[in-house]
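Just below is one structure, and these are the notes that go with it.
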Amino acid sequence: MATSGTYVTEVPLKGTAEKHFQRWRNENHLFPDAVGHHIQGVSVHDGEWDTHGSIKIWNYTLGDGKQEEFKERREMDDENNTMKVVGLEGHVMEQLKVYEIDFQFIPKSEEDCVCKITMIWEKRNDDSPEPSSYMQLLKSMVIDMEDHVLKA
């Protein structure tokens, strides 16, 4: 069995948990304009932008400048402001057989929240690198989207 693991980080944010969750849940089409240095494009492959089970294809750039593509399926839990992203295909899936990300937006006050990011992964083989660069990308996207959420 290849190496597996879980990364967890929390990002403090200004603005309500609901507002941040709704941006991530419903408005991915805005990401290339809001965080174009990370996301160059996103399209719906199956379903709608905001439907449970929708499949999207992302074109993004890692911190080292490497451009990649990622195909994902979304699962939403509106009651808990949580969204699960399940990796289906793309560059990261060449190295990993399991790649799941949970974004949970947790209220801390009337004006602040925390985005808890949990990444569960399993390598295809032990020679593949750990996916820490993908966690760095996700954390950076959450931080950079804060300004866009606050302007809305």
Side-chain angles (χ1 to χ4, degrees), residues 1-17 19-46 49 52-77 80-108 112-150:
M1 183 166 137
T3 305
S4 62
T6 301
Y7 296 148
V8 180
T9 192
E10 291 188 357
V11 180
L13 299 168
K14 298 286 184 201
T16 66
K19 193 169 186 177
H20 283 279
F21 173 67
Q22 289 303 319
R23 180 72 62 181
W24 281 78
R25 182 195 194 287
N26 298 332
E27 300 177 356
N28 296 152
H29 59 282
L30 299 175
F31 280 46
D33 289 333
V35 291
H37 54 290
H38 296 304
I39 305 298
Q40 289 74 57
V42 59
S43 59
V44 176
H45 179 72
D46 189 31
W49 284 107
H52 182 80
S54 66
I55 296 175
K56 297 183 181 92
I57 299 172
W58 295 79
N59 298 94
Y60 60 92
T61 302
L62 286 175
D64 63 1
K66 184 178 175 188
Q67 292 193 344
E68 295 189 355
E69 186 174 273
F70 176 62
K71 187 176 190 179
E72 55 145 59
R73 183 182 72 246
R74 291 276 172 107
E75 300 170 6
M76 270 70 100
D77 178 353
N80 294 304
N81 290 332
T82 302
M83 178 180 65
K84 178 186 285 292
V85 172
V86 179
L88 302 175
E89 296 176 12
H91 291 90
V92 68
M93 300 309 295
E94 293 170 3
Q95 299 173 13
L96 302 176
K97 60 181 169 182
V98 174
Y99 182 67
E100 295 180 2
I101 308 145
D102 289 325
F103 294 92
Q104 182 179 15
F105 295 91
I106 305 163
K108 289 297 179 186
D112 298 308
C113 67
V114 168
C115 177
K116 181 179 180 183
I117 307 168
T118 304
M119 177 191 292
I120 300 167
W121 53 272
E122 182 179 346
K123 295 181 185 183
R124 290 199 177 276
N125 61 61
D126 284 327
D127 295 335
S128 297
E130 287 192 14
S132 60
S133 61
Y134 294 98
M135 184 59 139
Q136 291 169 352
L137 170 66
L138 297 170
K139 183 177 179 181
S140 185
M141 284 174 56
V142 169
I143 291 167
D144 292 351
M145 278 300 294
E146 180 180 33
D147 285 341
H148 191 71
V149 169
L150 293 175

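Numbers here simply count residues along the sequence, with the first being 1.
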Side chain to side chain donor-acceptor pair (under 3.5 Å) partners of R25, counting only residues at least two apart: D78
Please identify each residue that fulfils salt bridge (Lys or Arg N to Asp or Glu O under 4.0 Å) with K14, with sequence neighbours left out. D112
I'd like to check the ring pair (Phe, Tyr, Trp, His ring centres under 6.0 Å) partners of F70; sequence neighbours left out, ordered by chain and number. Y99
Can you name the salt bridge (Lys or Arg N to Asp or Glu O under 4.0 Å) partners of D102, sequence neighbours left out? K84
With E94, which residues qualify under salt bridge (Lys or Arg N to Asp or Glu O under 4.0 Å), at least two apart? none
Under the side-chain contact (heavy atoms from CB on, under 4.5 Å) rule, collect the residues that match up with V142, sequence neighbours excluded. V11, L13, W24, F103, C115, I117
Got a salt bridge between E69 and K71, using NZ or NE/NH1/NH2 to carboxylate O under 4.0 Å? no
Is there a side chain to side chain contact (heavy atoms under 4.5 Å, CB included) between M141 and I39 once you walk through the steps? CA-CA 9 Å; M141 284 174 56; I39 305 298; 3.8 Å; yes
Partners passing salt bridge (Lys or Arg N to Asp or Glu O under 4.0 Å) against E68 (at least two apart in sequence or in another chain): K66
List in chain and number order the residues that pass side-chain contact (heavy atoms from CB on, under 4.5 Å) with S128, two or more places apart in sequence or in another chain; answer none if no residue qualifies. Q95, K123, N125
So H37 and T61, side chain to side chain contact (heavy atoms under 4.5 Å, CB included) or not? Walk me through it. CA-CA 7 Å; H37 54 290; T61 302; over 6 Å; no
With A17 via side-chain contact (heavy atoms from CB on, under 4.5 Å) - residues at least two apart: N81, F105, P107, C113
Does H29 have any ring pair (Phe, Tyr, Trp, His ring centres under 6.0 Å) partners at least two apart in sequence or in another chain, and if so, which? W49
For D77, give me all partners under side-chain contact (heavy atoms from CB on, under 4.5 Å), at least two apart in sequence or on another chain. E79, N80, T82
For H91, what residues pass the side chain to side chain donor-acceptor pair (under 3.5 Å) criterion, not counting sequence neighbours? none
